[in-house]
Amino acid sequence: MNMTMVNLVLSLLGIGIMFYCLWLTISLKKTLPGGVVGEKWNTLIWLVAFFTIGYLATPFSSKLSEDVLRMLVGFIFLFGAVYVAVTIKLIQRIIRELTG
């Protein structure tokens, strides 16, 4: 199997997983209370949706110029860091709620 086919298979697997994650975040929203947890969860939904769109673009990345590709990677790093920060803060608030 050549590298182009490996990259396509990896991209398709990633896209499938991201759609599953998007479905999970949206379906879990119904079970969450409002307030800070619900607000942070909405942010997570938007970030997962953003990443899903980004993953959908990966099979076409060879068509992009190097400058556009570098900018795209920069955005992915930035929003990836935001996603991690929001997730950690959300987990921290949930732990505080559970431990009172």
_Trace of the side chain to side chain contact (heavy atoms under 4.5 Å, CB included) decision for Thr43 with Trp46_ = CA-CA 5 Å; Thr43 304; Trp46 282 108; 5.8 Å; no

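- Here the CH2 atom belonging to Trp41 is positioned 7.5 Å from the CD1 atom belonging to Ile45, to the nearest 0.5 angstrom.
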Please tabulate, for side-chain N and O atoms in residues 3-10, each donor-acceptor pair with protein atoms closer than 3.5 Å (sequence neighbours left out).
{"residue": "Asn7", "atom": "ND2", "partner": "Met3", "partner atom": "O", "Å": "3.3"}

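- Cluster membership check: Leu12 does not share its hydrophobic cluster with Tyr20, using side-chain heavy-atom separations under 4.5 Å among Ile, Leu, Val, Met, Phe, Trp and Tyr.
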Side-chain atoms of residues 24-38: list all donor-acceptor pairs with protein atoms under 3.5 Å, sequence neighbours left out, distances to 0.1 Å.
{"residue": "Thr25", "atom": "OG1", "partner": "Cys21", "partner atom": "O", "Å": "3.3"}
{"residue": "Thr25", "atom": "OG1", "partner": "Leu22", "partner atom": "O", "Å": "2.9"}
{"residue": "Ser27", "atom": "OG", "partner": "Trp23", "partner atom": "O", "Å": "2.9"}
{"residue": "Ser27", "atom": "OG", "partner": "Leu24", "partner atom": "O", "Å": "3.2"}
{"residue": "Lys29", "atom": "NZ", "partner": "Gly38", "partner atom": "O", "Å": "3.2"}
{"residue": "Lys29", "atom": "NZ", "partner": "Asn42", "partner atom": "OD1", "Å": "3.3"}
{"residue": "Thr31", "atom": "OG1", "partner": "Leu28", "partner atom": "O", "Å": "2.7"}

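- Note on Leu69: it clusters hydrophobically with Phe51, by side-chain heavy-atom contacts below 4.5 Å among ILVMFWY residues.
- Listed by first and then second residue, the salt bridge (charged side-chain N to carboxylate O under 4.0 Å, His left out) pairs involving residues 77-86 amount to none (not counting sequence neighbours).
- Expressed to the nearest 0.5 Å, how far CE of Met18 lies from OG of Ser11 amounts to 13.0 Å.
- For Thr52, there are no side chain to side chain donor-acceptor pair (under 3.5 Å) partners two or more places apart in sequence or in a different chain.
- Judged as a salt bridge (charged side-chain N to carboxylate O under 4.0 Å, His left out), the pairs with a partner in residues 44-71 (not counting sequence neighbours) are, in order, Glu66-Arg70.
- Side-chain heavy atoms closer than 4.5 Å link hydrophobic residues (I, L, V, M, F, W, Y) into clusters, and following such links, even through other members, never connects Tyr55 to Ile53.
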Per-pair distances, 0.1 Å, donor-acceptor, side chain in residues 73-95, under 3.5 Å, sequence neighbours excluded:
{"residue": "Thr87", "atom": "OG1", "partner": "Tyr83", "partner atom": "O", "Å": "2.8"}
{"residue": "Lys89", "atom": "NZ", "partner": "Gln92", "partner atom": "OE1", "Å": "3.1"}

